[in-house]
Protein chains: 2
Amino acid sequence: MANNKTKKCILDAAEKLFARQGFYATSLRMLTREAGVNLAAVNYHFGSKEELIKAVIERRILPLNKIRLERLLNIKDNAGADDCSPDVREILFAFFEPTFEFRKSGKGAQDFISLIGRAFSDPRDTVRKLFLNMVESVFQLLFELLCDALPSLPKNIVYLRLNFMLGAMAHSMNMSQMCQLIPDGLNLKVDSSTLVEQFIMFTATGLEAPYE
Amino acid sequence: MANNKTKKCILDAAEKLFARQGFYATSLRMLTREAGVNLAAVNYHFGSKEELIKAVIERRILPLNKIRLERLLNIKDNAGADDCSPDVREILFAFFEPTFEFRKSGKGAQDFISLIGRAFSDPRDTVRKLFLNMVESVFQLLFELLCDALPSLPKNIVYLRLNFMLGAMAHSMNMSQMCQLIPDGLNLKVDSSTLVEQFIMFTATGLEAPYE
DNA sequence: ACAAAATTAAAACAGATGTTTAAATCGTAC
DNA sequence: GTACGATTTAAACATCTGTTTTAATTTTGT
């Protein structure tokens, strides 16, 4: 168990290639070449490609989830103590800021975030469920808090809007390829902090929109 | 050229399977079995799998784009004549309503719409560009109109928010699998018209959010 | 230093993939 | 009815996939 270098190389290469090409389009041969390890190493260390996918996601999402959960629980407790509804923007910031913060921490992190967007909208149940199971608890708490913060909205409407928000998020995580849409002469780039600000501004305002 | 039955069977089957399993996960053998035609028929009629993907998307998106373009141009002309800014909600309604309306027209249409969501966030450049090229003109006009409707916002901010919106849209199109997120006892289903209303309410309010 | 366990390496495996081929069948115009 | 082009069929093709196997090598505990 001493030498984890191979495992790390595989995870790093997988993170990169899965994010940029997708799970399906990345073969174990590309992956192991990129990682500089033998083809059989993946099956030896992880068992199968599917379990590698799981490991790639798990490595990063568990610590991230821990932070998000702490921050959301903190909001919940404060609201409970003061006996008032939590604030939507506060909730969103607690939920998104760790993600965007982590994203800035390096190239690998950036790849991982776009990989999450991939997993969230993967065609195959196996991959999607794999991811959803890991984030279920956080999402559930997020949903609860948003319901508390928006007491005038029916829960199914909150749920619907929550999904709009998550879709926007999944898409925003692949920002690199976003700017292919409008081939304008304008400089449409935005820096990372503007992205978070604008994202929260957009979604918070949308969530708070009046019902009918 | 007389018998287009085979072509139609292939297109229908492809639409269904591509939407439900993704492009990659659908093999030509599954596809031709579902369509009830010979394996070689795809290559005979369409040349390759990639060209089949293109044909599947094109069949539906061209008429849909025509409607959207007409309605958007109509708004543009009216605004030009009255010499006033167009209305955000009006623009969004013109853009989204045809899609959701078409979605209601049958099972195949429903599959197609979720297929569009797939194409929009496909990992591979080839597939994504294929789709983006077809919608480029409509998106460009949409962007222009939104800039006119939101004169107080910098264009790159409008562009950013437009992308949030498109992400939300792509995700909402696979609504069928959305409700796996919160396994609550609550009935969180919403009907189709509520979906459009809420989507426009959410995104319009988000787009109109103040800048900083 | 030696034996046992863990890891790496190269090769082969079984199966699936998109595509092509070559013959058979069909539809249609003369 | 026959000949000809379009279509369908079944089989083969080459290539790629994830996984296993078996042997070599390295690392570890004593």
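In what follows, chains are A, B, ... by sequence order, proteins preceding strands, each numbered from 1. Below, all heavy atoms of this structure are taken into account, side chains as well, without hydrogens, waters or symmetry copies.
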Discussion item. Under the salt bridge (charged side-chain N to carboxylate O under 4.0 Å, His left out) test against A:D12, which residue among A:R59, A:K5, A:K7 passes?
Written reply: A:R59

In whole angstrom, what separates [X]'s [atom1] from [N]'s [atom2]?
X     : N      : atom1 : atom2 : value
B:N4  : D:dT8  : CG    : C1'   : 15 Å
B:R33 : D:dT8  : CZ    : P     : 19 Å
B:F23 : C:dT17 : CZ    : C1'   : 18 Å
B:F46 : D:dT8  : CZ    : C1'   : 15 Å
A:H45 : C:dA6  : NE2   : C1'   : 9 Å
A:N38 : C:dA9  : CG    : P     : 6 Å
A:L31 : D:dT17 : CG    : C1'   : 13 Å
A:L28 : D:dC16 : CG    : C1'   : 12 Å

From the options [options], select the nucleotide whose nearest atom is closest to the side chain of [X].
X     : options                : answer
B:T6  : D:dT8, C:dT20, D:dT21  : D:dT8
B:R29 : D:dA12, D:dT8, C:dT21  : D:dA12
B:L39 : D:dT19, D:dA10, D:dA11 : D:dA11
A:Y44 : D:dT21, D:dA6, C:dT8   : C:dT8
B:A40 : C:dT17, C:dT21, D:dT19 : C:dT21

Worksheet item: Between A:F199 and A:F96, what is the ring plane arrangement, given parallel below 30°, perpendicular above 60°, and tilted in between?
Response: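 Because their plane-to-plane angle is over 60°, the rings of A:F199 and A:F96 count as perpendicular.
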
Discussion item. Does C:dT17 have its OP1 or OP2 closer than 4.0 Å to a side-chain nitrogen or oxygen of B:S27?
Written reply: yes

Discussion item. I'd like to know if A:K66 pairs up with A:E70 as an ion pair, taking the criterion as any Lys NZ or Arg NE/NH1/NH2 lying under 4.0 Å from an Asp or Glu carboxylate oxygen.
Written reply: yes

Worksheet item: Is any NZ, NE, NH1 or NH2 atom of the basic residue among B:R89 and B:E208 found under 4.0 Å from an Asp or Glu carboxylate oxygen of the other?
Response: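 Yes, B:R89 and B:E208 are salt-bridged.
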
Discussion item. Which is more 5' along DNA chain D, the nucleotide nearest A:M30 or the one nearest B:A41? Just name the residue.
Written reply: B:A41

Item to complete: May I ask you to say what A:T26 touches in the nucleic acid, namely base, sugar-phosphate or nothing, with a heavy-atom cut-off under 4.0 Å?
Response: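 A:T26: backbone/sugar contact only, no base atoms under 4.0 Å.
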
Discussion item. Checking B:T99 against B:R68: is there a side-chain donor and acceptor pair closer than 3.5 Å?
Written reply: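 The answer is yes; a qualifying pair exists.
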
